**Q** 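Please read through the structure below; I'll follow up with questions.
Order of the sequence lines sets the chain letters (A, B, ...), proteins ahead of strands, with each chain counted from 1. All values derive from a computational prediction rather than experimental measurement.
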Amino acid sequence: MTSNSSNSGNSSNSGNSGSAEPRATRRMNMIEAINDALDIMLARDPDVVVLGEDVGYFGGVFRATAGLQKKHGRTRVFDTPISECGIIGVAVGMGAYGLRPVPEIQFADYIYPGLDQLVSEAARLRYRSAGEFIAPLTVRSPFGGGIFGGQTHSQSPEALFTHVAGLKTVIPSTPHDAKGLLIAAIEDNDPVIFFEPKRIYNGPFDGYYDKPVEPWSRHPDSEVPEGHYRVPLGKARIVQAGEALTVLAYGTMVHVARAVCAEKGVDAEILDLRTLVPLDIDAIEASVRKTGRCLIVHEATRTGGFGAELSALVQERCFYHLEAPIERVTGFDTPYPHSLEWAYFPGPVRLGEAIDRLMMPA
Amino acid sequence: MGCPADAGVSDAGFQSMSSPNSATDRGNLPPLSLHVPEPRFRPGDAADYSHLPISQAGAQARPDEACAPVETHPLCLDLIRVLDDEGRAVGPWNPALDAETLRRMLRAMALTRAFDDRMYRAQRQGKTSFYMKSTGEEATAVAPAMALAPDDMVFPTYRQQGLLITRGYPLVEMINQIYSNRADKLLGRQLPVMYSAREQSFFSISGNLATQFPQAVGWAMASAIKGDTRIAAAWLGEGSSAEGDFHSGLTFAAVYNAPVIFNIVNNQWAISSFSGFAGAERTTFAARAIGYGIAGLRVDGNDPLAVYAASRWAADRARANGGPTLIEHFTYRAEGHSTSDDPGQYRSAQERAEWPLGDPVTRLKQHLIALGEWSEDAHAAMDLELVETVKAAAREAEKNGVLGQGLHHPTRTLFEGVFEEMPWHLREQSEQAIHERRIRYPDWQE
C-alpha cells in the first residue's frame, strides 16, 4: 500500500504540508484516513482521548477507531453509555480539565440528546468564562444518507450547528482532507463539529446510485500523506477550476456535482467548502465574481439550510457580478425516507436541471 | 365483558376495539385519573411540618468511607444530623472540628448572608438587573468548601456563592460581576451571580440547569485518567434533578467509578414548583443513589457539621478511588428564587418560621456558645463587622460602575472570545456595532 509518490495527484490547494519535500503517501479510504488521524493524535498528544458508543474494543460501527484502544490503552480510547448528553457533557468537563477529547456520536441523527451540551455549554464556555475555560472538543459523527439508513441514520443536520455562535462545523469530502481536517480540528482550541459523509467512506459516490461506485483507490485524493499534517479550517478547496459557473458544495455532493458537470460538459468551478464555519468567503467571492453564476448544493433539507446562508452571502457580495439567479439544489423538506431514498436525494437530474437554468442565455 | 382479556373474543370486546374512544363501551372499568402534585401549604395556610420524619441527631450509623455502596443506602432514607436541639454535636458523624475551624465556618456563613443582603438591596436600588440569595442554605456551600481540598474542582449552580466566599475569592470581584461593570472579569457577558473563578477551582456557572453534572464527571474522569489526586464536586437543586443531564452524570460516574461528589440541594422549592414535581412524593432524592448503585447520604442541610461530615466522608472516599457519592442536603429556601420572584404568590408565609430544621447560622452559633467558644456579643460584633466589610467592597466595586451606567467593557469585547481567533464575519459585525455606537453617541470614545 505504501508508495513514495512525488505526484500525489492531490487536487487540494491547501499547500500546508509544511515541506516542499515529497513525502510518503499511502492510499486510504476515508475511514482509514480518519483512523490514521486519530492514531497520530493519540500518539502525539497525551491529552487526546477518544470516547463514544462502541468505539473501544470493537473499534466503532464504521471501524473508524479500529485498533486504537489496543494500541493506546483503555483510558485513552473507551466505550461509553448510550447517552449523547453524557458523552458531550463529560467531554466538556474533560476539556475544562485540560484534555482534548474526541467524542464520537455514532450517527448525526443521534446527536440531539447532546445538543444542549453543545449549544449552551461547549459553544459558549470560552465566551461566558472570558477565556478561563475552553471546550477544545472535536465531535465526530457520520452524517448524510444514501445508505438506506432511513430517517434515523441519514440526516444532515449541519445547519443546526452553523447557526450556533461558537461552534465550528467541518465536513471533509476526501481521505486526504478527512485526515488533515480532523487533525486540525483536534488541535483547534474551539469546539468543532466534524461531520463525516458516510456515503463516501468507501468511495467517492457520484450520485448515480444505479451504477457501481468507484473505490477510493482509483481517486487521486486517496493518496494520503504519512504522518502529521493539517488542512486548515476555514479554507475551501478548488476541486476544479472553471469559467462558466461556480458550484458551492461539501461532503458527498462535491462528487455528485463533479460528475454531473462532467456529464454535461459545463466548464464549472467547483468549490469544496470543507469548513462551513468559519467560511472561506474570499474563495466564494473570487469564484462567483469570475463566473457570474452560482449553484449551491447540499443534501440537507432546503428550508433554513446552509444553502440559504450561502445564497444570501453571494447575493449580498456578488450581486452586480451575477448573470443569473442563484440556484439551490438540496434535499426535500421531508424526513429522510427509506424506500424513496433516491427520490429525496439531490441527484443528477435535480443538479442537471439547475445547471441548465443557470446557463440559459439571458 | 369488555375487559382487555376479552378483546377480540366477545362481541363487546370487538366493539370496544372498533371504537376505543367511546366511553359507553368500557363496561364498568373505572376512569383513569391524572395525579398532579400539590404542596401542603399555599398562601394563607398555616404551615405544619409535623408530618416530616426528623431523625434524632447522632442516631445515624457512619459506615467506613471504603464500604460497599449498599451500606450507605439506609442513610439515603434517613437524615444524618449532628447538632441536637441543645446545640451539642453528637454521634458518629460529629466531625470534631476545633473551635477555630468552627468559628471560620460560622464567619463564612455569616459573610455569605451579609453579602446576600447587601446585593439584594443593590438590585432593588437599580445597581444591577438580578440577584439570587442563598439565605438558609449557606451551610450547603460553606461546609463542603471547607471539607474539600482548595484545588478540588467545584461545579456549582447559581446558589453556591458560599463556595467562592469560603475559598477567599475577593468580594469586590463578585460585586464587579454582579454590577457587570468595566472591572467585571467576565466582561459583562454573564447574568449576575453566574461567576467563573478558575484560580479558586470554581467552574463557570451556566444558568442552564444540571449541565454541570456530566461536566463534573468528565472533569473527574480526566483527573483519574491523568492519575491526579484532585476530585470534582457538583451542585444542583432538587428541581433540576429531573433533567436528563442529572441522570447522564450519575450513569457515567457509576460506570467509570469517577471521583466526584453530587450534591442535591433540596430546598423544597424550584421557583414556584414544590419538590413533588421532581418526585419527592415517592422517595428521597438521596435514594436516586440506590438505583445507580453508588454511595448515597441524606443530610440535614441546615446542620453545618452534618454537611461537613458527609462532604468529608464523600471526599475521602472519592480520593481513595472509592467512587462517586450522591448527597441530598435537606434544607429550605428561606427567600424567593431570585429578585424576580415573589414567593408570597405561591407558598405559605409561615413556612420559613415553621421549618423544623432551624437556621444553619443560628445553629452553629448556639453550638459554639454551648462549647464556651463564642457569645451573643461576639456574634453581634462579627455581624456588624461583616456588614462593614461588604459595604466597603460594594463601594470599591461601584467605582468601576454599576449596570446601565455606561461603565462597561468596550463594544468590541462583544465579539471577542466567541472563537479563539475572530473570523471575518465577526470582524464585520464588530465594525458594524462600533459604527452604530458612533452614530448614536457622536462623542463616544472607548
Side-chain angles (χ1 to χ4, degrees), chain A residues 46-47 49 51 73 75-76 78-99 101 113-114 116-117 119-137 165-168 188-191 233-234 277-282 313, chain B residues 153 155 184-187 189-190 194-199 202-208 210-226 228 230 232 234 243-245 247-256 258 260 413 416-426 428:
Chain A
D47 291 333
V49 290
L51 64 156
T75 61
R76 303 284 309 285
F78 51 87
D79 293 330
T80 62
I82 302 174
S83 165
E84 289 75 17
C85 161
I87 293 167
I88 308 287
V90 301
V92 172
M94 289 172 171
Y97 180 92
L99 300 190
D116 189 38
Q117 287 286 349
V119 172
S120 311
E121 302 294 317
R124 300 193 212 138
L125 186 55
R126 173 194 299 282
Y127 192 80
R128 81 177 196 217
S129 72
E132 284 196 338
F133 300 97
I134 61 170
L137 43 138
L167 292 180
K168 292 179 176 172
D188 196 278
N189 284 329
D190 292 314
L233 307 187
V277 177
L279 185 68
D280 190 347
I281 193 68
D282 294 340
L313 285 168
Chain B
M153 191 73 179
F155 289 79
D184 172 12
K185 286 189 166 174
L186 303 186
L187 309 176
R189 289 170 177 166
Q190 278 277 55
M194 307 296 172
Y195 313 102
S196 177
R198 190 182 173 94
E199 272 184 43
F202 182 101
F203 188 69
S204 157
I205 298 172
S206 170
N208 269 30
T211 50
Q212 69 276 16
F213 258 46
Q215 292 164 1
V217 176
W219 195 97
M221 289 169 68
S223 189
I225 288 169
K226 288 294 187 181
D228 200 338
R230 294 174 294 164
E243 291 282 8
D245 294 72
H247 298 279
S248 299
L250 263 65
T251 299
F252 275 67
V255 166
Y256 302 104
V260 61
T413 62
E416 292 169 352
V418 179
F419 296 101
E420 186 172 38
E421 286 173 35
M422 195 183 293
W424 65 269
H425 64 287
L426 288 175
E428 286 188 0

**Q** Where does B/Arg198 contact chain A at under 4.5 Å (heavy atoms): side chain, backbone, both or neither?
**A**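 When you check distances to chain A, atoms from both the backbone and side chain of B/Arg198 fall under 4.5 Å.
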
**Q** For the backbone of B/Ser223 and the side chain of B/Arg230, can you confirm whether one donor and one acceptor N or O come within less than 3.5 Å of each other?
**A**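 Not confirmed, B/Arg230 side chain does not pair with B/Ser223 backbone.
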
**Q** Heavy-atom distances under 4.5 Å only: say whether B/Val255 touches chain A with side chain, backbone, both or neither.
**A**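 Just its side chain gets close to chain A.
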
**Q** Please flag which part of A/Leu99 lies under 4.5 Å from any non-hydrogen atom of chain B: side chain, backbone, both or neither.
**A**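 For A/Leu99, the contact with chain B is made by the side chain alone.
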
**Q** Given heavy-atom pairs under 4.5 angstrom as the criterion, report whether the side chain, backbone, both or neither of B/Phe213 touches chain A.
**A**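 B/Phe213 has no heavy atom closer than 4.5 Å to chain A.
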
**Q** Under a 4.5 Å heavy-atom cut-off, does chain B meet the side chain of A/Pro191, its backbone, both or neither?
**A**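 Answer is neither: A/Pro191 stays 4.5 Å or more from chain B.
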
**Q** Under 4.5 Å from any heavy atom of chain A, what part of B/Leu426 do you find: side chain, backbone, both or neither?
**A**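 Contact with chain A involves no heavy atom of B/Leu426 at all.
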
**Q** Most heavy-atom pairs under 4.5 angstrom with chain A, which of B/Glu416, B/Glu421, B/Glu428?
**A**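 It is B/Glu428.
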
**Q** For B/Asn208, enumerate each residue passing the side chain to side chain donor-acceptor pair (under 3.5 Å) test, keeping only those at least two apart in sequence or located in another chain.
**A**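 Side chain to side chain donor-acceptor pair (under 3.5 Å) check on B/Asn208 returns A/Asp116, A/Ser120.
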
**Q** Heavy-atom pairs under 4.5 Å with chain B: which of A/Asn189, A/Asp190, A/Asp282, A/Asp188 has the most?
**A**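 Looking at each option in turn, the highest pair count goes to A/Asp190.
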
**Q** With a 4.5 angstrom heavy-atom cut-off, could you sort out which part of A/Ala165 is near chain B: side chain, backbone, both or neither?
**A**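 Interface part for A/Ala165: both.
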
**Q** Using a cut-off of under 4.5 Å on heavy-atom pairs, state which of A/Ile87, A/Leu51, A/Ile134 scores highest against chain B.
**A**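 With the most close heavy-atom pairs to chain B, the winner is A/Ile87.
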
**Q** Just how far is it from atom CH2 of B/Trp219 to atom CZ of B/Phe203, taken to the nearest 0.5 Å?
**A**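 With rounding to 0.5 Å, CH2 (B/Trp219) is 11.5 Å from CZ (B/Phe203).
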
**Q** Between atom OG of B/Ser206 and atom CZ of A/Arg124, what is the distance when rounded to the nearest 0.5 Å?
**A**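 These two atoms lie 7.5 Å from each other.
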
**Q** With a 4.5 Å cut-off on side-chain heavy atoms, are A/Val277 and A/Leu167 touching?
**A**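 A side-chain contact is absent here, since even the closest heavy-atom pair is not under 4.5 Å.
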
**Q** Enter the distance from A/Ser129:OG to B/Leu187:CG here, rounded to the nearest 0.5 Å.
**A**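 Going from the OG atom of A/Ser129 to the CG atom of B/Leu187 covers 9.5 Å.
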
**Q** Heavy-atom distances under 4.5 Å only: say whether A/Leu313 touches chain B with side chain, backbone, both or neither.
**A**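 For A/Leu313, the side chain is the part near chain B, not the backbone.
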
**Q** Can you list the residues that meet the side chain to side chain donor-acceptor pair (under 3.5 Å) rule with A/Gln117, with sequence neighbours excluded?
**A**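 With sequence neighbours excluded, A/Gln117 shows a side chain to side chain donor-acceptor pair (under 3.5 Å) to B/Gln215, B/Asp245, given in chain and number order.
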
**Q** Side chain, backbone, both or neither: which part of A/Ile88 has a heavy atom under 4.5 Å from chain B?
**A**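 Neither the backbone nor the side chain of A/Ile88 comes within 4.5 Å of chain B.
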
**Q** Count the heavy-atom pairs under 4.5 Å between each of B/Ile225, B/Thr413, B/Thr211 and chain A, then report the option with the highest count.
**A**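 Between B/Ile225, B/Thr413, B/Thr211, the count favours B/Thr211.
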
**Q** With heavy-atom distances below 4.5 Å as the criterion, would you say the side chains of A/Pro278 and A/Lys168 are in contact?
**A**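 They are in side-chain contact.
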
**Q** Sort B/Gln190 into side chain, backbone, both or neither according to what part of it lies under 4.5 angstrom from a heavy atom of chain A.
**A**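 The answer is the side chain of B/Gln190.
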
**Q** Which one, B/Met153, B/Met221, B/His425, B/Lys226, leads in non-hydrogen pairs under 4.5 Å with chain A?
**A**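 Ranked by heavy-atom pairs under 4.5 Å with chain A, first place is B/Lys226.
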
**Q** Would you please test A/Thr80 and B/Tyr256 for side chain to side chain contact (heavy atoms under 4.5 Å, CB included) and show each step?
**A** CA-CA 9 Å; A/Thr80 62; B/Tyr256 302 104; 3.5 Å; yes

**Q** Determine the minimum heavy-atom distance between A/Cys85 and A/Pro113, stating which atoms define it.
**A**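 Scanning both residues completely, I find the closest heavy atoms to be CB-O, 3.2 Å.
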
**Q** With respect to chain A, which residue among B/Pro423, B/Ala216, B/Ala220, B/Ala222 yields the maximal number of heavy-atom pairs within a distance under 4.5 Å?
**A**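 Of B/Pro423, B/Ala216, B/Ala220, B/Ala222, B/Ala222 has the most heavy-atom pairs under 4.5 Å with chain A.
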
